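Contents: one structure, followed by commentary.
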Amino acid sequence: SAMRYEIKDVFHPSDFTRGSEAAFVHALRIALAVKGRLEVFHSDASSQGTQWVDFPSAFEYLRRWKMIPPEAGRDAAAELGLYFKKIQVDGTDPSDQIVNYLVHHRADLIVLSTHQRKGLERWMHRAVAEPVTRSTEAMSLFVPRSTRGFISPATGRTHLSSILIPIDAHPAPQRAVDAIITLAHLLCGSDPVTFTLLFAGAADEMPKVRFPPRRTWQVVEQCVEGEPEEVILDAVKEFAADLIVMATEGKKGFLDALRGTVTERIVRSAPCPVLTVPAFPS
């Protein structure tokens, strides 16, 4: 059923630059919403390196968002149901470190900062792609550096009024829909949300998708002719999408599924975050 999609472990590899702040904020806010575990992973190649203290801490954000009182100590996060862990490793190849970590630790959601148009190269690096994809069936949220995303860094509030879900018969879209229903339920509460199901093709060929009825939710079906990539990017503008949700081939995992595909090109050029969801647990 739709609500059974479980997200508990959120994994965020960080390079601690100002540009990746948006991705951290999304990882933190989602971990809070699911009352789960947030693991922030930093691989440091240089000897002096970036210090953890240089980076805004989860606690600063929780105070700023008025989720914990200004004087609250570190145990305040636990009272919110959040378990927060920092992992710092030394090494020249963050991709290898991430792979090693993900092989041995479960992640339900990986939150990545993408440098628009070129940020994926690091992740597409072969050494990462093969083992990570075999070892994880995690969803991935790509947050472009140039956007605010759908979580306000200042208030922690969610702005997810328009969600675009491009669908096709393959990979099957239902698991991606279930995942975003779960997230929207946790992040948006009773706020109005419009889910636009976008299909590049004829209406009678559009795959059927189950949505639980909800008073403040609207589901719109849109069929258009054209190349999937153009169709999707046009729809992002037309519907002012706050998030794009795409099913990927589950067996291949998140990087193989991205390589050279429509999904990869969308992640590179979308003006908003993109959530990819493997179609089948491997």
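Here the structure is a predicted model, which is why all the values come from computation and not from measurement.
At distances below 3.5 Å, not a single donor-acceptor pair connects side-chain atoms of Ser113 with backbone N or O atoms of Ala23. A donor-acceptor distance shorter than 3.5 angstrom exists from the side chain of Arg63 to the backbone of Pro70, with no hydrogens or angles considered. Between the side chain of Arg29 and the main chain of Gly156, a donor-acceptor pair closer than 3.5 Å is present. Between the Trp65 side chain and the Glu60 main chain, no donor and acceptor come within less than 3.5 Å of each other.
Shown here are the side-chain contact (heavy atoms from CB on, under 4.5 Å) partners of Ala27, two or more places apart in sequence or in another chain: Val10, His12, Leu38, Val111. Partners of Asp242 under the salt bridge (charged side-chain N to carboxylate O under 4.0 Å, His left out) rule, at least two apart in sequence or in another chain, do not exist in this structure. Applying the side-chain contact (heavy atoms from CB on, under 4.5 Å) rule to Ala72 yields the partners Ile68, Pro69, Ala76; only residues at least two apart in sequence or on another chain are considered. Contacts of Val220 classified as side-chain contact (heavy atoms from CB on, under 4.5 Å), with partners at least two apart in sequence or in another chain: Thr194, Thr196, Gln218, Gln222. The ring pair (Phe, Tyr, Trp, His ring centres under 6.0 Å) test applied to Phe195 returns Phe211, Trp217, not counting sequence neighbours. Lys8 meets the side-chain contact (heavy atoms from CB on, under 4.5 Å) test with Glu6, Lys35, Asp108; sequence neighbours excluded.
No side-chain heavy atom of His159 sits under 4.5 Å from any side-chain heavy atom of Ser152. Contact check for Glu21 versus Tyr61: side-chain heavy atoms found under the 4.5 Å cut-off. Using a 4.5 Å heavy-atom cutoff, the side chains of Leu183 and Leu160 are not in contact. You'll find the side chain of Val277 stays beyond 4.5 Å of the side chain of Ile180, heavy atoms only. Between Val177 and Arg210, the closest side-chain pair of non-hydrogen atoms is not below 4.5 Å. In this structure, the side chains of Phe24 and Val143 stay at 4.5 Å or more apart for every pair of heavy atoms. Val224 has its side chain out of reach of Asp234: every pair of non-hydrogen atoms, C-beta onward, lies at least 4.5 Å apart. Between Leu62 and Phe84 the shortest side-chain heavy-atom distance does not fall below 4.5 Å.
Closest approach of Ile167 to Pro173, counting heavy atoms only: CG2-CB, 3.6 Å. Here the shortest heavy-atom pairing between Met246 and Ala176 reads C-CB, 4.3 Å. Annotation for Ala172 and Ala247: closest pair O-CB, 3.8 Å, computed over non-hydrogen atoms. Scanning all heavy atoms of the two residues, the minimum distance from Ser190 to Thr216 falls at O-CG2, 3.1 Å. In plain terms, the two heavy atoms of Leu187 and Ala33 that are nearest each other are CD2-CB, 3.7 Å.
With rounding to the nearest 0.5 Å, the separation of CD1 in Ile165 from CD1 in Ile181 is 7.5 Å. Once rounded to the nearest 0.5 Å, the distance linking CG of Leu28 with CD1 of Ile151 reads 9.5 Å. Rounded to the nearest 0.5 angstrom, Ile266 CD1 and Cys272 SG are separated by 9.5 Å. Between the CD atom in Glu39 and the NE2 atom in His105 there is a gap of 6.0 Å [rounded to 0.5 Å]. Rounding to the nearest 0.5 angstrom, the gap separating the CD1 atom in Ile163 from the CG atom in Leu275 is 9.5 Å. Note that the OG1 atom of Thr182 and the CE atom of Met139 stand 8.0 Å from one another [nearest 0.5 Å].
Few gaps surround CD on Glu71; more than 12 heavy atoms of other groups in view lie less than 6.0 Å from it. The number of heavy-atom neighbours closer than 6.0 Å to CD of Glu238, taken from other residues, nucleotides and ligands shown, is above 12.
In the hydrophobic clustering of ILVMFWY residues, with side-chain heavy atoms under 4.5 Å counting as a link, Tyr83 and Ile7 come out apart.
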